[in-house]
S.K.: 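Let me give you the structure first, and then I'll get to my questions.
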Amino acid sequence: MRLSRYFLPILRDTPKDAEIVSHRLMLRAGMVRQQSAGIYAWLPLGLRVLNKISAIIREEQNRAGAVELLMPTIQSADLWRESGRYDAYGKEMLRIKDRHERDMLFGPTNEEMITDIFRSYIRSYKDLPLNLYHLQWKFRDEIRPRFGSMRSREFLMKDAYSFDLDEAGARHAYNRMFVAYLRTFARLGLTSIPMRAETGPIGGDLSHEFIILASTGESEVFCDKSVLDLHVPDADTNFDSVEDLQTIVSNWTKPYAATSDMHDTAAYGAIPTERQVSARGIEVGHIFYFGTKYSEPMGAKVMGPDGIERPVYMGSYGIGPSRLVAALIEAFHDENGIVWPKEIAPFHVHLINLKVGDGATDAACETLIHALEARHLDVLYDDTDERPGGKFAKADLIGMPWQIIAGPKSLADGKVEIKNRGTGERHLLSIEDAVRLVTA
RNA sequence: CGGGGUAUAGCGCAGUCUGGUAGCGCAUCUGCUUUGGGAGCAGAGGGUCGUGGGUUCAAAUCCUACUGCCCCGACCA
C-alpha cells in the first residue's frame, strides 16, 4: 500500500479528550474517529487491526468446533419479553421503534435470538453438541463510556453459544471455549489469566473472566505468579477429548487468580509472598455456563435418547475485539508510539523511501515491495515527499514490527537500513538479506 | 443518574471579567531554499465563535433556555 494513496490521518497533537495511552495513540495514529460519545468510526489502519484480531478469533473458534453464523444487530423486543429480560435489562438497552410502532432494540447480546434459532430447527440430541458463534456489533448504552474503544457503547463482540443435552456435556463445551480462549489470547501476543468470575443465580464454578495485566486496567486483580508460566495448549489439542480438556482447564484453574469481586484474602495470603501478584487488569473475555436459563422459558428442547424431551443446557462465551485493540496497545507501546506484535500488525513492513524521485532509491523500494509481497507480507510504502524526520516519527507512531529505510546514503553501498520497532535494533543489510530477515 | 467542567479554524489554545470589524501555534495550499530523526523564508486560504431566544446603536463577550462533549462516582464485554 502506497502511503500517498492511503487514508491515514495522523494527528501530531494529542486530542485533549483522550485520557489513557491506547486512546491517545489510536486517535493519533489515525485508527479511529469518535463520532459520538462511545461510538467510533474505524479508519483503515484501525480496521486492519480489528480484522486481524477477528481472523485469529475465528480460527480458534473453528478449531474448537464452533460454527460461525451472523445474527442481526436489530432485534425484536418480543424475544426479550419471552426470556423476561426486556424489563430486566434496564436503560443499558437501546430501545427503538420501527415505522409501525413495533418495539425493537439494538442488541446488547444475543442469547434470546440464538435460542430462538436453535429451537426453530433442532429437535434431537443427535444434533448436539452444537456451538454457534458470530462476530457482530453490539450496543450497550453505558452510563459513562470512556477510554476510547476500551469501553465504548458500540463495540464488536464475538459471542458463542453452546447447546448440550446435559450439564456434563455443557461442561465440556465450556472447556472447549476455555482452551480456545487461552490459545486466542496467546496468539495475539497476550498473557491472559483466567479468573473465577461471579456466576449469578446459577452458581457453580463455570464462569471465568480472561484478564490481561495492564497498569491502566479497570479491575484490581490478584493471582499466584505461577499462573503466568503455564503452558498454553498446542494447536493439535484434541478438543473432542473430555479428559484432555478437563486436565488443561484444571491445571489452569488450580493457581489462585481472582478479581477484587471474588478475592479471598485468606487464600491469597496462603501463597508464598514472592509469588503473590497484585496488579490491575483488563477483562478481554468472559465465558459462562447458564444451563437452562433461556432454553426453559423459551422452549428450546430436544428429545433425549431416553425418549424424554428436555431443555438444552447452554453457555455463552464472549470476546471483545474492539476492546482488544485498545488492550493490545496498552500492552504494546513505548514513548514514541505503538509497537504491534507481529500477528496483528496492520502491515508487516513499513518501507520508508527517504528520497522520493531519486531513481536508484525508487527502484530499490520497488524491488523490496515486489520481493516482500511475493512472500505474502503486507507493506506500507511511505512514498510521500515528507522530510525524513517526519517519516521516522510517523513510522514509530503507527508501530509496524519492521521498518525498512531506503535512502541514497546506504544504497551507495547497496544497503538498506532495517529497524526492529520493538527492540530498536538497526542493521545495514543488502536488499536480499533485509527481505530474508523480515520473512524469518 | 448525582457532582464538576467545557464548547472560538482540521488539532491545541488565547480573547469573555471590562460589549466596539475574531487572533496565536501546529496543520493545509503556493513559491524558493532545504532533505538520515517532526526544516527555513515569503505569501495564501480556512471560523454563521455549539444552538435558539433576549438585552443593546452594537454580542464570541451580558441574560436565558437547550444541546454536545469531557472528568469524578455508582454500573459494565
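Throughout, a chain's letter reflects where its sequence line sits, starting with A, and its residues are numbered from 1.
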S.K.: Which one is paired to B:U56, where only Watson-Crick or G-U wobble pairs with both distances under 3.5 angstrom count?
M.R.: none

S.K.: Can you tell me how far P in B:C66 sits from the matching atom in B:C1, rounded to whole Å?
M.R.: 13 Å

S.K.: So, OP1 or OP2 of B:G68: does either fall under 4.0 Å of a side-chain N or O from A:S36?
M.R.: no

S.K.: Taking the C1' atom of each, how far is B:G43 from B:C49, in whole Å?
M.R.: 27 Å

S.K.: For A:Y181 and A:H286: C-alpha separation, side-chain torsions, deciding distance, then whether side-chain hydrogen bond (donor to acceptor under 3.5 Å, both in side chains) applies.
M.R.: CA-CA 9 Å; A:Y181 277 33; A:H286 196 163; over 6 Å; no

S.K.: Counting just side-chain N and O atoms, does A:Q34 come under 4.0 Å of either OP1 or OP2 of B:C70?
M.R.: yes

S.K.: Would you measure the distance from the P atom in B:A58 across to the matching atom in B:G31 and give it in whole Å?
M.R.: 47 Å

S.K.: May I ask you to decide whether A:E19 forms a salt bridge with A:R146, counting only side-chain N to carboxylate O separations under 4.0 Å?
M.R.: no

S.K.: Please state the P separation for the pair B:U21 and B:G38 - nearest whole angstrom.
M.R.: 42 Å

S.K.: Check every strand shown and say whether A:I405 touches a base, only sugar-phosphate, or nothing at a heavy-atom separation below 4.0 Å.
M.R.: base

S.K.: Measuring to OP1 and OP2 of B:A39, would you say a side-chain N or O of A:R387 lies under 4.0 angstrom away?
M.R.: yes

S.K.: Applying salt bridge (Lys or Arg N to Asp or Glu O under 4.0 Å) as the test, list every pair that has at least one member in residues 2-15 of chain A; sequence neighbours left out.
M.R.: A:R2-A:E366, A:R2-A:D383

S.K.: If you check every side-chain atom of A:R323, which of B:A77, B:C69, B:C71 has the closest atom?
M.R.: B:A77

S.K.: Compare the minimum distances between each of B:A77, B:C75, B:G38 and the side chain of A:I143, then state the nucleotide with the smallest one.
M.R.: B:C75

S.K.: For A:G390, report the nucleic acid contact type (base, sugar-phosphate, nothing); a contact means any heavy atom under 4.0 Å.
M.R.: base

S.K.: So which heavy atom on A:S295 is nearest to which on A:V312, and how close?
M.R.: OG-O, 2.6 Å

S.K.: Expressed as a whole number of Å, how far does the P atom of B:A60 sit from that of B:G20?
M.R.: 9 Å

S.K.: May I ask you to establish whether A:R95 and A:Y86 are in a cation-pi arrangement, using a distance under 6.0 Å from NZ or CZ to the six-membered ring centre and at most 45° from the ring axis?
M.R.: yes

S.K.: Might you list the N or O atoms of the protein lying below 3.5 Å from N or O atoms in nucleotides 10-15 of chain B, with each pair's distance?
M.R.:
unit_1, atom_1, unit_2, atom_2, d
B:C11, O2, A:D13, OD2, 3.3
B:G12, OP1, A:K16, N, 3.3

S.K.: According to the 5.5 Å centroid and 30° plane-angle thresholds, does A:F155 stack upon the nucleobase of B:A77?
M.R.: yes

S.K.: How many Å lie between CZ on A:R24 and C1' on B:C70, as a whole number?
M.R.: 15 Å

S.K.: Between B:A77, B:C70, B:G38, which nucleotide gets closest to the side-chain atoms of A:A37?
M.R.: B:C70

S.K.: Give the minimum heavy-atom separation between A:L45 and A:G30, together with the two atoms involved.
M.R.: CB-O, 4.2 Å

S.K.: Using atom C1' of each nucleotide, how far apart are B:C57 and B:G12 to the nearest Å?
M.R.: 37 Å

S.K.: With respect to the side chain of A:D396, which nucleotide from B:C75, B:C69, B:G37 is positioned closest?
M.R.: B:G37

S.K.: Does B:C1 have OP1 or OP2 sitting under 4.0 Å from an N or O in the side chain of A:K91?
M.R.: yes

S.K.: How many angstroms lie between atom OG1 of A:T109 and atom OH of A:Y89, to the nearest 0.5 angstrom?
M.R.: 6.0 Å

S.K.: If we take the C1' atom in both B:G68 and B:U28, what is their distance in whole Å?
M.R.: 27 Å

S.K.: Tell me whether the NZ or CZ atom of A:R48 lies within the 45° cone about the ring axis of A:F347 and under 6.0 Å from its centre.
M.R.: yes

S.K.: Please state whether the base of B:G37 and the side chain of A:R426 form at least one donor-acceptor pair under 3.5 Å?
M.R.: yes

S.K.: Would one find a side-chain N or O of A:R140 under 4.0 angstrom from OP1 or OP2 of B:C76?
M.R.: no

S.K.: For nucleotides B:G4 and B:G40, find the distance between their P atoms and express it as a whole number of Å.
M.R.: 45 Å

S.K.: Within the structure shown, what part of the strands sits under 4.0 Å from A:K419 by heavy-atom distance: base, sugar-phosphate, or nothing?
M.R.: base

S.K.: Among B:A74, B:C69, B:G38, find the nucleotide with the atom closest to the side chain of A:R144.
M.R.: B:A74

S.K.: Applying ring pair (Phe, Tyr, Trp, His ring centres under 6.0 Å), can you list everything that pairs with A:F392, at least two apart in sequence or on another chain?
M.R.: none

S.K.: Using whole Å, report how far CG of A:L135 lies from P of B:A77.
M.R.: 18 Å

S.K.: Taking donor-acceptor contacts at under 3.5 Å, does the side chain of A:R153 reach the base of B:C76?
M.R.: no

